[in-house]
Protein chains: 2
Amino acid sequence: MLRVSRLTDYATVVMTCIAASPSEVLSTAQIADATHLELPTVSKLLKTLGHAGLVESFRGVNGGYRLARPASAISLAEIVEALEGPIGMTECGVSEGQCDRESQCGVRGSWQRINSVLDDALRAVSLADMLRPPVHRTRVTVALSELKGRTTA
Amino acid sequence: MLRVSRLTDYATVVMTCIAASPSEVLSTAQIADATHLELPTVSKLLKTLGHAGLVESFRGVNGGYRLARPASAISLAEIVEALEGPIGMTECGVSEGQCDRESQCGVRGSWQRINSVLDDALRAVSLADMLRPPVHRTRVTVALSELKGRTTA
DNA sequence: TTGAATCGGGACTAAAATGGTACTGATTAG
DNA sequence: CTAATCAGTACCATTTTAGTCCCGATTCAA
């Protein structure tokens, strides 16, 4: 099964939880409580998300976290990248010459194409989309038509 | 980084290698040599691919492997599924109630949508596509327009 | 000024997945 | 009958991942 790490999965839940109360500063404890995740885990996630510039932190009493930008301006891709680094499904890009046949180039090219499709799909889903009930969502469709235009060349 | 396991990556290389010599029976040793992968690793991969019905095996002297179907009828998705099971990026489907808010439903829905895009993209790339040089490939484009039609509803 | 609440950063541990290896048995061709 | 080859299983080492803990820094408020 292709997968995203469990922490990344959690991160989307945490981000959605924060997005559900915009303009409120939520403490780690509140978020952990609401999401039913362990507090140290949530803390670690928020630290990472903060480094990525996705949430703002406030120290001291009544401190906590808030979205750094409106939910509509934060994409699923950014959350994934914050936790896992650049989006990609293989390590072809880094490791060299494990198969020097011309066929291998085709393999690499195909994977890169898959990566690109996935990346665009992730980029097309915003945090605001994730807040909405799962029906009648249309942003992915929009993204795919853009994508079609782009890859037709 | 989102990823597919290294073995899955290897499997695509092995499959492409076999596809490059259609109607020939290649031994594990030949394939290992051509792909620069360890022989036991290739052996393990081929067994798995055989179970999935993607390659045919022949025992005994001059035995080996051959594609079970034409390369154009084998998709990247099938290779991935053979190695990793059903395609999906999260385990939301199995684990229950880790977050009982309505927001969580949005998260799950979004991930399922991503899964679907990815699945379709993988299904749109055939082994024959991977044999071709990486320029002027058009199948993904075709697939995306189909996909657009499908998700527009 | 003091203390409590809270984030920040890093180190650490335990568990799981992964990749790779070895060995033994079954099958087939010559 | 023998050598070549696939089939199956069990095993081990390494890496990655998840999760926890600790302590310092910061802020608010009494």
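Residue B/E24 comes nearest to B/R66 through the heavy atom pair O-CG, 3.6 Å, listed as atom of the first residue, atom of the second, then distance. Smallest separation of non-hydrogen atoms from A/L49 and A/A82: CD2-CB, 4.3 Å.
For the OP1/OP2 pair of C/dG9 and a distance below 4.0 Å, the side-chain nitrogens and oxygens of A/H51 include at least one atom meeting the criterion. Using a 4.0 Å cut-off, some side-chain N or O of B/S57 falls inside it from OP1 or OP2 of D/dA7. In terms of phosphate contacts, B/S5 brings no side-chain nitrogen or oxygen within less than 4.0 Å of OP1 or OP2 of C/dA17. Neither OP1 nor OP2 of C/dA17 sits under 4.0 Å from any side-chain N or O of B/R6. For A/T28 and C/dC7, the shortest distance from a side-chain N or O to OP1 or OP2 is below 4.0 Å.
Residue A/L45 contributes atom CG, which lies 10 Å from atom P of D/dA18 at whole-angstrom precision. As a whole-Å value, the separation of A/E56 CD from C/dT6 P is 18 Å. Whole-Å rounding puts the A/L7 CG to C/dA17 P distance at 15 Å. The distance between atom CZ of B/R66 and atom C1' of D/dC6, rounded to the nearest whole Å, is 15 Å. If you measure from atom CD of B/E38 to atom P of D/dA13, you get 18 Å, rounded to the nearest angstrom. Residue A/N62 contributes atom CG, which lies 19 Å from atom P of D/dT26 at whole-angstrom precision. When rounded to the nearest whole Å, the span between OH of A/Y10 and C1' of D/dT17 equals 11 Å. Spacing between atom CD of B/E84 and atom P of C/dA17 amounts to 13 Å, rounded to whole angstrom units.
A donor-acceptor pair under 3.5 Å is formed between the side chain of A/T16 and the backbone N or O of A/T12.
Closest to the side chain of B/V61, from the set D/dC6, D/dC28, C/dA29, is C/dA29. Proximity note for B/P40 (side chain, C-beta onward) versus C/dT21, D/dA3, D/dC6: the nearest is C/dT21. For B/Y65, whose side chain is taken as the heavy atoms from C-beta onward, the closest listed nucleotide among D/dA7, C/dG8, D/dT5 is D/dA7.
Each of A/K44 and A/G60 was matched to the nucleotide of DNA chain D holding its nearest heavy atom; the match closer to the 5' end belongs to A/K44. Remark on DNA chain D: of its neighbouring residues A/T41 and B/G63, the 5'-side contact belongs to B/G63, judged by nearest-heavy-atom nucleotide.
Here the rule is side chain to side chain contact (heavy atoms under 4.5 Å, CB included) with A/L122, and of A/L76, A/V117, A/I79 only A/L76 fits it.
In this structure, A/G64 reaches the sugar-phosphate backbone alone: every heavy-atom distance under 4.0 Å involves primed, P, OP1 or OP2 atoms, never a base. B/S43 comes within 4.0 angstrom of no nucleic acid atom, judged by non-hydrogen atoms across all strands.
The pair A/E81-A/R123 counts as a salt bridge, with a side-chain nitrogen and a carboxylate oxygen less than 4.0 angstrom apart.
No donor-acceptor contact under 3.5 Å links the side chain of A/K47 to the base of C/dG8.
A donor-acceptor pair shorter than 3.5 Å can be found between the side chains of B/S126 and B/D129.
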